[in-house]
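These notes concern the structure reproduced below.
Positions are given from 1, in the same order as the sequence printed here. Because the structure is predicted, anything quoted here is derived from the model rather than measured. Computed from heavy atoms alone, side chains included, the values below leave out hydrogens, waters and symmetry copies. Atoms within each ligand, like the ligands themselves, are counted from 1 in listed order.
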Amino acid sequence: MFNLVIFGSPGAGKGTQSDKIIEKYHLQHLSTGDMFRAHIAQNTKLGQEVVSIMNSGQLVPDDITIKMLEEEILKHKDAKGFILDGFPRTIPQAKALDAFFEEKGEKVNLVIQLDVSEDEVKHRINERAKTSGRADDAQDKLIKRIDEYFQKTIHVLPYYKDHNKLEVINGIGEIDAIFENISKVIDNHFK
Ligand code: AMP
């Protein structure tokens with residue numbers, strides 16, 4: 001199995017690059033944000049529990065998030081590997097993921113940080129808002145998620161750096177050029 005964590009602020013291009021990685025390497029996409037949004041859309045018990053937290057742009061508690069992710073991993077017994085997008089966002093989540101994979105003889109093989117500065121992502125989403133006419137509250141929510149990333153989530157990176165798993169990719173430039181750099185890093189670890 002090849003398990004990849006993709007890390008980056010909202011607006012850093014994580015979604016675009018994840019799609020390209022999935023297409024090329026056939027990894028199973030696991031996005032905890034998408035999972036929560038599906039629970040909310042289906043109005044499940046979990047969805048009702050997390051809707052106000054998500055709307056405020058804060059993080060869902062670790063125990064809820066970890067349990068949901070582990071259950072999802074177990075559903076994909078035939079996966080060649082996973083791309084984790086939006087998880088882990090805290091050190092306890094990172095440690096829980098390591099313990100979970102270890103039990104199965106697996107591991108996080110590689111962590112890619114798509115590096116775009118806070119000023120640049122905020123500039124990008126302001127530009128996007130101008131062209132898409134995104135509603136003000138959606139824009140405010142996005143800013144809160146970006147703040148959350150730069151204040152909290154980013155502190156998970158040293159954990160992976162210490163385990164020699166972190167590769168930093170410059171997220172500014174042409175989509176295809178960025179993907180080429182990502183591919184090189186993946187190919188080096190995939191062998
Ligand atoms: P995302 O689409 O990954 O930006 O996630 C959207 C929202 O879902 C976040 O702002 C959090 O409220 C929640 N969420 C997603 N992943 C996690 C996570 N790993 N830990 C805690 N909350 C999460």
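We find that K107 and D98 are not joined by a salt bridge, their nearest charged nitrogen and carboxylate oxygen being 4.0 Å or further apart.
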Before giving the answer on side-chain hydrogen bond (donor to acceptor under 3.5 Å, both in side chains), spell out for Q139 and N126 the whole-Å C-alpha distance, their side-chain angles and the decisive distance to 0.1 Å. CA-CA 8 Å; Q139 183 76 356; N126 283 329; 2.9 Å; yes
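When atom types are taken as modelled, the side chain of K77 and the backbone of L74 share a donor-acceptor pair closer than 3.5 angstrom. Proximity of a side-chain donor or acceptor of S9 to a complementary backbone N or O of Y149 within less than 3.5 Å is not detected. Side-chain N or O atoms of N109 include one that pairs as donor or acceptor with a backbone N or O of N3 at under 3.5 Å.
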Do any nitrogen or oxygen atoms of ligand 1 lie under 3.5 Å from a protein nitrogen or oxygen, and which ones?
{"unit_1": "ligand 1", "atom_1": "2 (O)", "unit_2": "R37", "atom_2": "NH1", "d": "3.0"}
{"unit_1": "ligand 1", "atom_1": "2 (O)", "unit_2": "R37", "atom_2": "NH2", "d": "2.9"}
{"unit_1": "ligand 1", "atom_1": "3 (O)", "unit_2": "R89", "atom_2": "NH1", "d": "3.1"}
{"unit_1": "ligand 1", "atom_1": "3 (O)", "unit_2": "R89", "atom_2": "NH2", "d": "3.2"}
{"unit_1": "ligand 1", "atom_1": "4 (O)", "unit_2": "R89", "atom_2": "NH2", "d": "3.0"}
{"unit_1": "ligand 1", "atom_1": "4 (O)", "unit_2": "R145", "atom_2": "NE", "d": "3.3"}
{"unit_1": "ligand 1", "atom_1": "4 (O)", "unit_2": "R145", "atom_2": "NH2", "d": "2.7"}
{"unit_1": "ligand 1", "atom_1": "12 (O)", "unit_2": "Q58", "atom_2": "O", "d": "2.5"}
{"unit_1": "ligand 1", "atom_1": "16 (N)", "unit_2": "T32", "atom_2": "OG1", "d": "2.7"}
{"unit_1": "ligand 1", "atom_1": "16 (N)", "unit_2": "G86", "atom_2": "O", "d": "3.3"}
{"unit_1": "ligand 1", "atom_1": "16 (N)", "unit_2": "R89", "atom_2": "NH1", "d": "2.9"}
{"unit_1": "ligand 1", "atom_1": "19 (N)", "unit_2": "G86", "atom_2": "O", "d": "2.9"}
{"unit_1": "ligand 1", "atom_1": "19 (N)", "unit_2": "Q93", "atom_2": "OE1", "d": "3.0"}
{"unit_1": "ligand 1", "atom_1": "20 (N)", "unit_2": "Q93", "atom_2": "NE2", "d": "2.9"}
{"unit_1": "ligand 1", "atom_1": "22 (N)", "unit_2": "V60", "atom_2": "N", "d": "3.0"}

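Cation-pi contact between K165 and Y160: absent, since separation from the ring centre below 6.0 Å together with deviation from the ring axis within 45° is not met.
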